[in-house]
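Remarks on the structure that follows.
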Amino acid sequence: MTEIRLYNSRLRKKEIFAPIEPENVRMYVCGPTVYDRAHLGNARPVVVFDVLYRLLRHVYGAEHVTYVRNFTDVDDKINARARSMQGAGDTRPLNAIIRALTDATIDWYHGDMDALGALRPSHEPRATEFIVQMVAMIEGLIARGHAYAAEGHVLFDVRSYPEYGALSGRAIDDMIAGARVEVAPYKRDPMDFVLWKPSSADEPGWDSPWGWGRPGWHIECSAMSHDLLGPSFDIHGGGIDLQFPHHENEIAQSCCAHPGAGFANFWLHNERVQVDGKKMSKSLGNFFTVRDLLDQGWPGEVIRFVMLSTHYRKPMDWTEEKARVAEKHLGSFWSLIRDTKPGQVDAAVIAALADDLNTHQAIAELHRLYSEGAAACLAATLNFLGLQGGDRAHRADADGAIRDLLAQYSDGLAKARELAIKNKDFTEVDRLKRMLLDAGAEVRMTKEGVEVLATQDFDPAKLEALK
RNA sequence: GGCGAGUUGGCGGAGUGGUUACGCAGCGGAUUGCAAAUCCGUGUACAGGAGUUCGAUUCUCCUACUCGCCUCCA
């Protein structure tokens, strides 16, 4: 069996991955808060952990891997967005707006991530469907002396958990010295974080032992991972920016609620997406969405390829130059595998991924397969990596009418060229070629003959108009 | 202020205690009516300093710089 090695940020080193139960490998990844289109930064963990999911399925068998990624559909950002919609004239009740907003955002998210070639996880729980489990977990934490109720809130007592700060390598006192934590009168310690907080009458809320309210941000992941994967599981993933405080708080909650279980064995964190060397973030306003890029005409596979060309633990700069290069490579690969039946997935690619998801090395192997002309292997491997190109690569083949049409033109062009070589007059050849290029076709002329192919921009109507 | 990550050839970007990354661009050539595409050839880089070592880009320490987290953000 392939030995997988992963960098465990909990221990800050690469470790051999050994699942708790090889017949049920379990992974939890923090998903999006659903109030807006996913931006490119949201997409990176999706692609990174999709590659890991595919690798795990390959090694342990597709039916032996459970992958959970949540939707955070209760959150103050969502409430704020809904209120601003009310302010803009939306007359529906706040909760109706929120339901519509979160539903729509989840649909967008699915569409955009599907376009990036990401497989759907085994479970995609919505936080609001797990309130009962969250309340139960909070009650347990209070009973064990790790949390306390105060003024309608329930707070986690960080001083009750000596390991607090271990994941991110921080000491509580150092963080307080940073003096940027919210100090609320009802907190015993400034670092204590909210498990439950009161809601106003029109805000989303649920009855609880502490009154009408809603959960804090962190408890949902602890409750959902426990419910769907059990008290201990193999991999917990997410963006590096979630390491603190979110993951630190998850560990504190889960380990205190289920002492001895261990929670997640491996913690994996992907680095951020940058734009021009700066972090991409909503507060800086330099972000763009996956949908923006798709609408600009970049195929999802190109975005995915660019993502995979940088190792997940390094910051990735998005540039159009990279996208152009990626598109060129994929175009070459796809043209080689046209009409090819996929064979075996390349072993060197699996080995590269097994070494802490060295996707860049995997791409280097794709170039090797391409230069070797190993079409069947390349096809299978591209498919495995989620870079199969969908219908685009096969458009000319899929559409017989287009193929027949272009065959006519290629015959005509070949005849004209034959004549031109004799007469030394290429004006007609150049005119035909120009016309085909303008209509989005690709023209290849070699000694052997003329070949006309449809690119994804090919437009038969345009060709007719130019005739 | 605390914590962490990084600094590789023109560019992107892996990796390694001593031997070619890979890709893009460039250059030279083949081929071509011209192009495109393709093919062949071509690049000896690892922030600076000190140390360990027979030998360091790779290990250790220091310095500089960049970036991130500590506050909503993936």
Side-chain angles (χ1 to χ4, degrees), chain A residues 9 12 29-33 35-36 38-49 69 72 75-78 80 165 167-182 191 217 237-248 269-274 277-284 287 305-306 308-317 319 321-322 324-326 328-329 331-332 335-336 352 355-356 358-368 370-371 373 417-427 429-430 433-434 437 442-448 451 453:
Chain A
S9 17
R12 300 180 196 287
V29 173
C30 291
T33 301
Y35 65 104
D36 205 354
H39 63 260
L40 197 60
N42 293 297
R44 172 118 101 142
V46 173
V47 171
V48 165
F49 292 105
R69 186 181 63 210
T72 299
D75 184 278
D76 288 355
K77 289 189 295 294
I78 299 172
L167 177 70
S168 51
R170 298 153 201 255
I172 294 175
D173 293 321
D174 288 346
M175 291 187 273
I176 294 169
R180 287 165 108 176
V181 289
E182 182 194 1
M191 291 308 295
W217 173 31
I240 186 71
D241 51 303
L242 292 180
Q243 189 180 50
F244 187 88
H246 183 56
H247 290 163
E248 198 73 71
H269 293 100
N270 62 276
E271 256 292 348
R272 297 184 143 263
V273 167
Q274 304 188 337
K278 291 280 183 193
K279 77 165 179 176
M280 170 191 266
S281 76
K282 299 195 172 175
S283 44
L284 290 179
F287 72 103
F305 192 99
V306 171
L308 298 186
S309 66
T310 299
H311 186 84
Y312 77 95
R313 283 192 286 115
K314 289 226 177 161
M316 191 211 80
D317 216 350
T319 63
E321 170 66 15
K322 285 185 179 179
R324 274 192 294 274
V325 171
K328 182 176 163 179
H329 290 323
S332 305
S335 72
L336 178 67
D355 181 13
D356 195 32
N358 193 338
T359 50
H360 189 90
Q361 181 61 40
I363 288 174
E365 302 295 347
L366 293 180
H367 287 294
R368 194 200 82 240
Y370 175 72
S371 64
R417 182 164 174 251
E418 232 170 280
L419 195 67
I421 291 171
K422 274 185 207 150
N423 300 340
K424 302 270 190 272
D425 175 9
F426 290 88
T427 33
V429 177
D430 287 338
K433 183 175 144 190
R434 185 74 260 158
L437 291 177
E442 185 181 328
V443 178
R444 297 179 187 176
M445 285 188 248
T446 62
K447 257 194 313 212
E448 285 75 37
E451 198 179 1
L453 300 166

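Chain letters run A, B, ... following the sequence lines, proteins first and then strands; every chain starts at 1.
- For A:Thr427 and A:Asp425, the side-chain atoms include at least one donor-acceptor pair closer than 3.5 Å.
- A gap of 11 Å separates the C1' atoms of B:rU58 and B:rU8, to the nearest Å.
- A:Tyr312 places a side-chain heavy atom less than 4.5 Å from the side chain of A:Asp356.
- Here the CZ atom belonging to A:Arg417 is positioned 11.0 Å from the CG atom belonging to A:Asp430, to the nearest 0.5 angstrom.
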N/O-N/O pairs, protein side and nucleotides 3-8 of chain B side, under 3.5 Å:
unit_1: B:rC3; atom_1: O2'; unit_2: A:Gly169; atom_2: O; d: 3.2

Could you pull out the protein-nucleic contacts involving nucleotides 36-38 of chain B (nitrogen or oxygen on both sides, under 3.5 Å)?
unit_1: B:rA36; atom_1: N1; unit_2: A:Met445; atom_2: O; d: 3.4

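- A:Phe426 comes within 4.0 angstrom of a base, heavy atoms only.
- Comparing the same atom, P, in B:rU60 and in B:rA74 gives a spacing of 35 Å after rounding to whole Å.
- Proximity of A:Asn42 to the phosphate of B:rC73: no side-chain N or O atom is located under 4.0 Å from OP1 or OP2.
- Within 4.0 Å (heavy atoms only), A:Val273 reaches at least one base atom of the nucleic acid.
- Checked by distance alone, A:Asp430 brings a side-chain donor or acceptor within 3.5 Å of a matching partner on the base of B:rG33.
- Counting only heavy atoms from C-beta on, A:Asp241 has its side chain closest to B:rC69 among B:rC69, B:rA21, B:rU32.
- For the side chain to side chain contact (heavy atoms under 4.5 Å, CB included) test, residues two or more places apart in sequence or in another chain that qualify with A:Leu40 are A:Val273, A:Met280, A:Phe288, A:Leu293, A:Ile303, A:Met307, A:Trp318.
- Using atom P as the reference point in both B:rA14 and B:rG55, the two lie 31 Å apart (nearest Å).
- Classified by interplanar angle (parallel below 30°, tilted 30° to 60°, perpendicular above 60°), the ring pair A:His269/A:His247 is tilted.
- Here the separation of B:rG9 from B:rU57, taken at their C1' atoms, is 12 Å to the nearest Å.
- Residue contacts shown for A:His367 are limited to sugar-phosphate atoms, with no base heavy atom under 4.0 Å away.
- Annotation: salt bridge (charged side-chain N to carboxylate O under 4.0 Å, His left out) contacts of A:Arg272 (sequence neighbours excluded): A:Asp241.
- Residue A:Val429 places its side chain closer to B:rG33 than to any other of B:rG33, B:rG12, B:rC69.
- Within 4.0 Å (heavy atoms only), A:Arg272 reaches at least one base atom of the nucleic acid.
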Practice task
Toss me the dot-bracket line for RNA chain B: Watson-Crick and G-U wobble, both under 3.5 Å, 5' to 3', using | for pairs to another strand and [ ] for crossers.
Solution key: (((((((..(((.....[...))).(((((.......)))))....(((((..]....))))))))))))....

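- Between the P atom of B:rC73 and the CG atom of A:Asp36 lies a distance of 14 Å, rounded to the nearest Å.
- For A:Asp355, the side chain to side chain contact (heavy atoms under 4.5 Å, CB included) test picks out A:Arg5, A:Lys14, with sequence neighbours left out.
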